Structure formats: structure tokens, C-alpha cells
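As the structure is a prediction and not an experimental result, all values here were calculated from the model. Here, residue 1 is the first one in the sequence, and each next residue gets the next number. Just the heavy atoms: all of them, side chains too, but no hydrogens, waters or symmetry mates, feed the values below.
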Amino acid sequence: VVAFPVWTMAYSFREKNKIIKIFCKAMPISFIPFIGLQIYSISVRCKENGITPLRYLGIMLIIFEVVTIFLSLYKNRKYILHTITTGSILLVISTILPVVNMHTISNMSQANRLLKAWKEEEKYSQLTEEQKEIVLSSYYYLINQEDGKKYIPEYLEEETIKDKEKYYN
């Protein structure tokens, strides 16, 4: 995130100093392994704990980084100005568009985790400790969201969750 403005600003000084010219060529390429690491890290977090608004924004940032690096390498930065367009489009998708915005996707992800951990025909006492943790985590995430309650299944009642004080105290 910090390196992008640095190498973008340094690019205008590339003709004045040979080291800056080498730096500007190497910088976009040197970040490609970090993108792989970011993709791996965010996918592990999403798989284990579901998507939250911050993880959603992390995914959008990775997409932005990939597009930016591609545009900086493609045709000698001819289309680098389209990073602003890319950022604007990702911002609109993340915040305004229904169904795919960060809050709706996060709520649906947490509701999915809850449904997978606690099937309708099961009783809370039959769940394993791991399933109870998932249920409690997802449940409290959803009830603390503005429209999260509509994602909580009807068969799940607050009184049936017996360990809630233990989990959050």
C-alpha cells in the first residue's frame, strides 16, 4: 500500500538518476510474490472465520494491487491512470452495490458458517465445542450488525445458546 505511491512518485524522477530508474522497473515485479502471500493469508482467514468487512476490503485491495501492477508493467505505464478508475469501481462495488457489498457478503458468509455448524435437526447440546464456537461467533457477529438478524435462522433462539456469557466474558 505504501510502496505504490512511492514508486509512482519516483517514476517522474527516473531520468535524473539511474538508481531511481532501476528502482522503478524492479518495484512492480518485486511485489508479485507478496500478492501471492496476501492471497494465501486472506484465503486462510476467510476459510477459517468467514468473510468480514475488513477481509472483504483486503480482497478488494489485492484486486487493486494486481490491476495496478499489471497496468504499470503493460505498455510501459501507458494506462496507469486507469488505477483511479479501478479504485473507484472497487469502492462502488464494496459500498454501494446491493448483494455484493461488503456488509451483505459478510452477513451471508457468517450465516453460512452458522448454518453449517448447527443444522436445524440438531440440538445445541449435541454440538462439538468447535461447532459451538463457530455458532457463537457467527451468531454474535450477526446480531451486532444492522441488518444481520434477518440472516439468523428461525430455529435458532437466543435462549438455546447456553454458553454465550462464557464466550464473551
Side-chain angles (χ1 to χ4, degrees), residues 1-5 28-74 82-169:
V1 175
V2 176
F4 172 68
I29 296 167
S30 67
F31 274 92
I32 293 172
F34 291 115
I35 289 176
L37 181 62
Q38 289 174 332
I39 291 169
Y40 172 75
S41 298
I42 200 80
S43 64
V44 167
R45 296 286 298 166
C46 289
K47 184 178 180 199
E48 289 296 317
N49 302 312
I51 296 175
T52 61
L54 283 176
R55 291 185 193 119
Y56 184 94
L57 291 175
I59 293 167
M60 289 298 178
L61 181 63
I62 292 169
I63 293 169
F64 178 76
E65 290 172 345
V66 168
V67 170
T68 301
I69 288 173
F70 173 76
L71 290 174
S72 67
L73 296 174
Y74 182 70
H82 292 300
T83 57
I84 296 170
T85 307
T86 303
S88 300
I89 290 169
L90 293 174
L91 183 66
V92 167
I93 290 170
S94 300
T95 57
I96 297 173
L97 284 181
V99 183
V100 294
N101 67 54
M102 66 182 156
H103 296 292
T104 305
I105 293 292
S106 298
N107 289 341
M108 289 172 27
S109 171
Q110 295 301 320
N112 245 1
R113 289 182 71 225
L114 195 141
L115 291 171
K116 285 180 184 176
W118 191 357
K119 307 281 190 270
E120 186 171 0
E121 61 277 353
E122 292 178 316
K123 292 185 179 183
Y124 184 75
S125 59
Q126 296 173 320
L127 300 177
T128 66
E129 286 302 312
E130 184 180 337
Q131 288 173 313
K132 286 179 183 179
E133 292 233 358
I134 291 170
V135 166
L136 290 170
S137 171
S138 297
Y139 177 78
Y140 281 105
Y141 175 86
L142 290 170
I143 64 167
N144 288 316
Q145 297 303 307
E146 189 174 316
D147 63 340
K149 290 180 182 167
K150 71 181 182 183
Y151 294 96
I152 297 173
E154 291 178 17
Y155 64 87
L156 188 128
E157 298 174 11
E158 188 174 345
E159 293 82 36
T160 60
I161 300 179
K162 301 191 186 325
D163 294 338
K164 65 181 181 225
E165 289 84 20
K166 182 180 100 177
Y167 186 74
Y168 279 95
N169 288 336

Nearest 0.5 Å please: distance from the [atom1] atom of [X] over to the [atom2] atom of [Y].
X: L97; Y: M102; atom1: CG; atom2: CE; answer: 12.0 Å
X: K47; Y: R113; atom1: NZ; atom2: CZ; answer: 12.5 Å
X: L37; Y: I32; atom1: CG; atom2: CD1; answer: 14.0 Å
X: L71; Y: T85; atom1: CG; atom2: OG1; answer: 9.5 Å
X: I62; Y: L90; atom1: CD1; atom2: CG; answer: 12.0 Å

Whether the side chain of [X] engages the backbone of [Y] through a donor-acceptor N/O pair (distance < 3.5 Å, no angle test) should be reported.
X: Y56; Y: V100; result: yes
X: S137; Y: I134; result: no
X: S109; Y: I105; result: no
X: R55; Y: G50; result: yes

Indicate yes or no: at least one non-hydrogen side-chain atom of [X] is less than 4.5 angstrom from one of [Y].
X: N107; Y: L142; value: yes
X: V66; Y: I35; value: yes
X: I59; Y: I63; value: yes
X: E129; Y: K132; value: yes

Atom [atom1] of [X]: over 12 foreign heavy atoms under 6.0 Å:
X: L54; atom1: CG; answer: no
X: E121; atom1: CD; answer: yes
X: Q126; atom1: CD; answer: yes

Tell me the closest heavy-atom pair linking [X] and [Y], and the distance in Å.
X: S106; Y: T52; value: OG-C, 3.0 Å
X: Q145; Y: Y141; value: CG-O, 3.1 Å
X: T104; Y: N101; value: N-OD1, 2.9 Å
X: S72; Y: I69; value: OG-O, 2.9 Å
X: A117; Y: Q131; value: O-NE2, 3.3 Å
X: Q110; Y: N49; value: NE2-O, 3.0 Å

T86 vs T68, side chain to side chain contact (heavy atoms under 4.5 Å, CB included): CA-CA, chis, key distance, verdict: CA-CA 8 Å; T86 303; T68 301; 6.0 Å; no
Evaluation steps, side chain to side chain contact (heavy atoms under 4.5 Å, CB included), between E146 and H103: CA-CA 9 Å; E146 189 174 316; H103 296 292; over 6 Å; no
Aromatic ring pairing F31/F34, orientation class (parallel under 30°, perpendicular over 60°, tilted between): tilted
